[in-house]
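Below is one structure; the comments refer to it alone.
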2 protein chains.
Amino acid sequence: MEHPPIDPSLGGKAEEQETREKILSAARQLMAQKGYKGATTRKISELAGVNEVTIFRHFKTKVAILEELLKDILDVRQQLEQGIQGEYADIKQLLVNYARTYFNLLVDRKEILMICMIEADNQPEVVKLFSSLPVTAVDVLCNKLKEFEEQGHLPKGDPCTAALMFISTFFYAFMAKYRVNVDLDIEEEKLFENASDILLQGINCKKTTKQ
Amino acid sequence: MEHPPIDPSLGGKAEEQETREKILSAARQLMAQKGYKGATTRKISELAGVNEVTIFRHFKTKVAILEELLKDILDVRQQLEQGIQGEYADIKQLLVNYARTYFNLLVDRKEILMICMIEADNQPEVVKLFSSLPVTAVDVLCNKLKEFEEQGHLPKGDPCTAALMFISTFFYAFMAKYRVNVDLDIEEEKLFENASDILLQGINCKKTTKQ
DNA sequence: AGTGCATGCAAGTATTTACATGCATGCATG
DNA sequence: CATGCATGCATGTAAATACTTGCATGCACT
């Protein structure tokens, strides 16, 4: 019923794109909440504001919608590595920045991540997609910490566990906020900062750090 | 078809209890994997090795099964507090012990926790049940750390974030292992210990701690 | 004016699913 | 032996669900 703005660069496809996007968006939202089975094609069509048949004109089957949605998780490593490459005043600033980058990546993909989590056992490939984000985040951070250790900027330790703890913290904060709606009683920026402090100094350590 | 061993203490109810338990166990397993909708009464009956009708002789409706399952999460605080009360050689030992206690509590309830996570948006009360475990774990640990700070065993800091980081680590490890089947490349006991070390000393700190 | 294309609407189909009913079986206990 | 009780089995039902088909509408572009 809606018609495309006259935009020659899009050809005649603007309308099609729009409905397709509306369907995908509605499906993403519903599947994240209710799971694949809970997101019926009827509900999707209602939320998208289109007729149910229209869904099947755009997607051969319901799983095709899911498969389309799942394409959005990939290529995360690059963004994470970018967030860790720049110049920072000190390691703490790097950590705070990395925490923010990672948390925002999670939030940007929250619906798809939820779908993967919920559907983990029904769609096996989904597992890899889901886990790839935190696993990559741990890996990238771990490598950076190792680098610091080799350069003498950090004492030798267990960078993998450290990275795991750091990433876990924001993974949990993310789940608490967007899946379970628990209030953690701490602002995100404050959490990034305090967690970075604790990761660096621990809770039992005098603050005697250089730089 | 099976008949109860002659056990007067159980009266004539042993048989009934047994099938009931078989149904609950099958439902727990399936719902944790496939979600509430994915666990059809037919599949439950097959896994339980009973006839589908038998399910409805024991439970009025399918949700009644779910409700029954959800009763198992409660009363966690007591167990967590017990695990933190005893005498320990040093704070690190206390942390390692607490980590183990918490992780085991998660593992013991893994199916129900997964169900809660998956069904979070469909069964609203479920959310509270699910979140209660990590939230309580953070709370109990946070209180203990505050106590240490007041007694001068730890410098003043941010015990809440510290507790959150610690609990998050094992929450993530738990999810990785039991939901996503990711191998973290570290044994659990080792993880408990290394995480405790890092929480206490950080990664940028000379080991000059009294305990 | 005419053609194509995306969509809406009404109706239908085959399957799945939660749940019901009636009947038969077999053990246990009085 | 008789009664009760838990279960199996066959069958049924009403709703939901993924997906189909046929037809009408209205905009866009030629």
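Just so it is clear: chains get the letters A, B, ... in the order the sequence lines come, proteins before strands, and each one is counted from 1.
- The separation between A:Ile65 atom CD1 and D:dA18 atom P is 9 Å, rounded to whole Å.
- Remark: B:Phe166 engages B:Phe170 in a ring-ring contact (aromatic ring centres under 6.0 Å, His included) (not counting sequence neighbours).
- Atom CE in A:Met31 sits about 9 Å away from atom P in D:dA18, given to the nearest Å.
- Residues forming a ring-ring contact (aromatic ring centres under 6.0 Å, His included) with B:Tyr172 (at least two apart in sequence, or on another chain): A:Phe171.
- Between B:Ile55 atom CD1 and D:dA6 atom P there is a gap of 17 Å when expressed in whole angstrom units.
- With the 3.5 Å cutoff on both pairing distances, Watson-Crick and G-U pairs in DNA chain C assemble into runs of at least 3 at C:1-30 with D:1-30.
- Across A:Lys146 and A:Pro159, no two heavy atoms sit closer than the pair CG-CG, 3.7 Å.
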Show which side-chain atoms of residues 101-116 of chain A pair as donor or acceptor with protein atoms under 3.5 Å away, not counting sequence neighbours.
unit_1   : atom_1 : unit_2   : atom_2 : d
A:Thr101 : OG1    : A:Asn97  : O      : 2.9
A:Asn104 : ND2    : A:Arg100 : O      : 3.3
A:Arg109 : NH1    : A:Leu105 : O      : 3.4

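- When all heavy atoms of B:Glu193 and B:Val96 are compared, the pair lying nearest together is CA-CG2, 3.9 Å.
- When rounded to the nearest whole Å, the span between CD1 of A:Ile44 and C1' of D:dC19 equals 13 Å.
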Protein and nucleotides 17-21 of chain C: nitrogen or oxygen contacts under 3.5 angstrom:
unit_1 : atom_1 : unit_2  : atom_2 : d
C:dA18 : OP1    : B:Lys62 : NZ     : 2.8
C:dA18 : OP2    : B:Thr41 : N      : 2.8
C:dA18 : OP2    : B:Thr41 : OG1    : 2.8
C:dC19 : OP2    : B:Lys62 : N      : 2.6

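- Of all heavy-atom pairs between B:Leu191 and B:Ala173, the closest is CD2-CB, 3.8 Å.
- Note that the CG atom of B:Leu95 and the CG atom of B:Leu145 stand 7.0 Å from one another [nearest 0.5 Å].
- The distance between atom CD of B:Glu18 and atom C1' of C:dC27, rounded to the nearest whole Å, is 14 Å.
- Every residue two or more places apart in sequence or in another chain was checked for a ring-ring contact (aromatic ring centres under 6.0 Å, His included) with A:Phe130, and none qualifies.
- Nucleotide D:dT21 holds its C1' atom 13 Å from the CG atom of A:Asn51, rounded to whole Å.
- Rounding to the nearest 0.5 Å places CD of B:Glu81 at 8.0 Å from OH of B:Tyr98.
- Atom CZ in A:Arg20 sits about 17 Å away from atom P in C:dC5, given to the nearest Å.
- Computed from coordinates, the B:Phe59 CZ to D:dA6 C1' distance equals 14 Å when rounded to whole Å.
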